[in-house]
Amino acid sequence: MSIEAGLLRKVPGVDRVLAASTTLIDTFGRDAVTHAVRTTLDDLRHAIRSGSTAEVPSIDALGTRVAALLSAADQRSLRAVYNLTGTILHTNLGRAVLPRAISERIDDILYSPANVEFDIAEGGRGERDDHLESLICELTGAEGATVVNNNAAALLLVLNTLAHDREVPVSRGELVEIGGSFRIPEVMARAGCQIAEIGTTNRTHAKDYRGAISDRTALLLKVHPSNYEIAGFTKSVSDVEVADIAREHNLPFVNDLGSGSLVDLKRWGLPHETTVAEAIEAGANLVTFSGDKLLGGPQAGFIVGDRALVAAVRANPMKRALRVDKITIAILAEVLRLYRNPDQLAQTLPTLRHLTRATSEIEALANTLAERIGARLPGVTVRAASCTSQIGSGSLPVDLLPSHALELIPEREGEAHLQRVRQHLLQLPRPIIGRIQSGTLVLDLRTVDDPEGLLANILADPSP
Ligand SMILES: *Cc1c(COP(=O)(O)O)cnc(C)c1O
């Protein structure tokens with residue numbers, strides 16, 4: 001008998017390994033453990049046949065292999081990461097991060113039934129929107145409000161409700177694509193309305209709106225161009241003018257603001273971005289905006305404005321498919337309440353805290369971290385350097401904020417070395433996502449809330 005055949009005969013049966021794996025079975029379930037034991041034993045037989053193993057491990061050692069397989073398979077796909085890309089609202093990294101104080105306040109809602117559609121005062125059926133509507137109206141000056149899954153859903157629902165089988169004139173300069181496959185013309189088509197393109201890419205005039213209106217026109221729409229800006233020989237029609245034209249023709253004016261700031265960012269020395277209240281004041285009958293962009297909340301889409309139009313939107317059967325759950329309602333209520341005290345917002349709301357953080361503070365952090373990391377990352381030089389952050393998610397697209405970063409420079413030049421550093425950061429207990437810029441890996445520190453945690457993480461061993 002060959003050595004190989006002798007070894008193969010010593011490989012224990014599945015039952016023997018399973019019998020020694022009761023703790024694993026309690027944790028992972030019998031089926032998963034059985035599957036992992038089979039895989040482990042198959043791998044072992046394969047290794048024996050190929051000559052890469054000359055012994056059969058003990059049952060205990062095989063159990064360790066089974067446990068490793070099970071733990072690897074049990075790794076969560078969705079994990080917390082460090083967003084050090086310099087883009088504060090990064091769509092691929094989940095956009096706005098929520099204030100920590102929220103979790104204890106929504107705990108009860110998570111673990112018990114809640115009056116989502118139940119009116120406690122009346123003891124009968126209530127409206128899902130009741131929990132947010134008055135707060136939103138208070139903060140925006142609107143008469144009515146409803147909330148759906150995201151702003152794409154908000155626009156889809158508004159257009160489908162008010163413009164199905166009819167025409168909507170839109171400036172060619174506003175037929176934009178806003179990342180993540182959201183394209184205004186496609187959403188309009190799916191909402192069942194026809195686009196009447198007006199003006200040109202760079203210039204649209206009031207007479208273009210007037211000329212496009214017919215008895216097929218359902219409403220006038222303006223879309224915030226969000227992630228790009230047309231500069232130079234340009235002309236667009238102001239919100240007030242479009243509102244006037246809409247009123248002259250008895251048509252609703254819908255303004256898709258995109259980011260939907262609830263406070264004037266000029267207060268913190270940032271560039272002005274039209275607030276929802278300003279858009280309402282300028283005469284929009286409905287305004288749509290996102291919950292997780294500048295507003296700094298969870299993914300959600302707001303539809304605010306005239307009471308009758310909001311009621312029509314709410315009555316659309318599609319609303320049922322786009323509505324938000326109790327968890328989103330609970331988180332939104334907490335985030336919106338922070339806006340009642342705008343003086344504290346730069347402390348209480350992470351998005352605004354990150355946006356308004358003093359450059360000197362970020363610089364001090366970069367210097368401290370660079371010094372403390374020193375030469376402790378093998379093969380990499382770490383130094384503090386200036387950089388620029390951006391807001392992201394189509395908010396204030398061309399404005400860059402001066403910031404500071406850790407620059408990780410591989411000691412040996414070349415793309416492969418840079419990629420190795422990048423991989424190293426991705427394999428840390430909490431993956432670190434930076435950006436590559438002229439041969440270095442740049443970690444913008446603007447969004448770091450826990451420097452000690454970041455430091456411990458950078459110096460930790462990567463997972464295999
Ligand atoms: C971001 C954006 C949207 C889409 O919003 P989501 O919340 O991502 O669905 C729609 N319109 C404009 C103008 C935007 O900027």
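Just follow the structure's listing: the first ligand is 1, and inside any ligand the first atom is 1. Keep in mind that what you see is a predicted model, and the values were worked out from it rather than measured.
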Flag for H224-E273: side-chain donor and acceptor within less than 3.5 Å:
yes

For ligand 1, is any non-hydrogen atom under 4.0 Å from I178's backbone (N, CA, C, O), its side chain (CB onward), both, or neither?
side chain

Below 3.5 Å, N or O to N or O, backbone or side chain included: is there any such pair between H224 and ligand 1?
no

Within 4.0 Å of some non-hydrogen atom of R95, the atoms of ligand 1 are 6 (P), 7 (O), 8 (O)

Near G258 (heavy-atom distance under 4.0 Å), the atoms of ligand 1 are 12 (C), 13 (C), 14 (C), 15 (O)

Run the numbers for me: atoms of ligand 1, each under 4.0 Å from some heavy atom of S290, listed by number.
5 (O), 6 (P), 7 (O)

Which pairs, with at least one residue in residues 68-80 and sequence neighbours excluded, count as a side chain to side chain donor-acceptor pair (under 3.5 Å)?
none

Across all chains, not counting sequence neighbours, the side chain to side chain contact (heavy atoms under 4.5 Å, CB included) partners of H90 are N83, T85, T87, N92, L93

Is the closest N or O pair between N151 and ligand 1 shorter than 3.5 Å?
yes

Test the R203-F233 pair against the cation-pi criterion, namely NZ or CZ under 6.0 angstrom from the six-membered ring centroid and within 45° of the ring axis.
yes

Could you tell me whether the side chains of T201 and R172 share a donor-acceptor contact shorter than 3.5 Å?
no

D256 touching ligand 1 at heavy-atom level, < 4.0 angstrom
yes

Row check, F253 ring normal vs R247 NZ/CZ: under 6.0 Å, within 45°
no

Classify the side-chain pair R420/Q423 by whether it contains a donor and acceptor separated by less than 3.5 Å.
no

Which atoms of ligand 1 sit under 4.0 Å from any heavy atom of K293?
1 (C), 2 (C), 3 (C), 5 (O), 14 (C), 15 (O)

Identify, by atom number and element, the atoms of ligand 1 in contact range of A152, meaning under 4.0 Å from any of its heavy atoms.
4 (C), 5 (O), 6 (P), 9 (O)

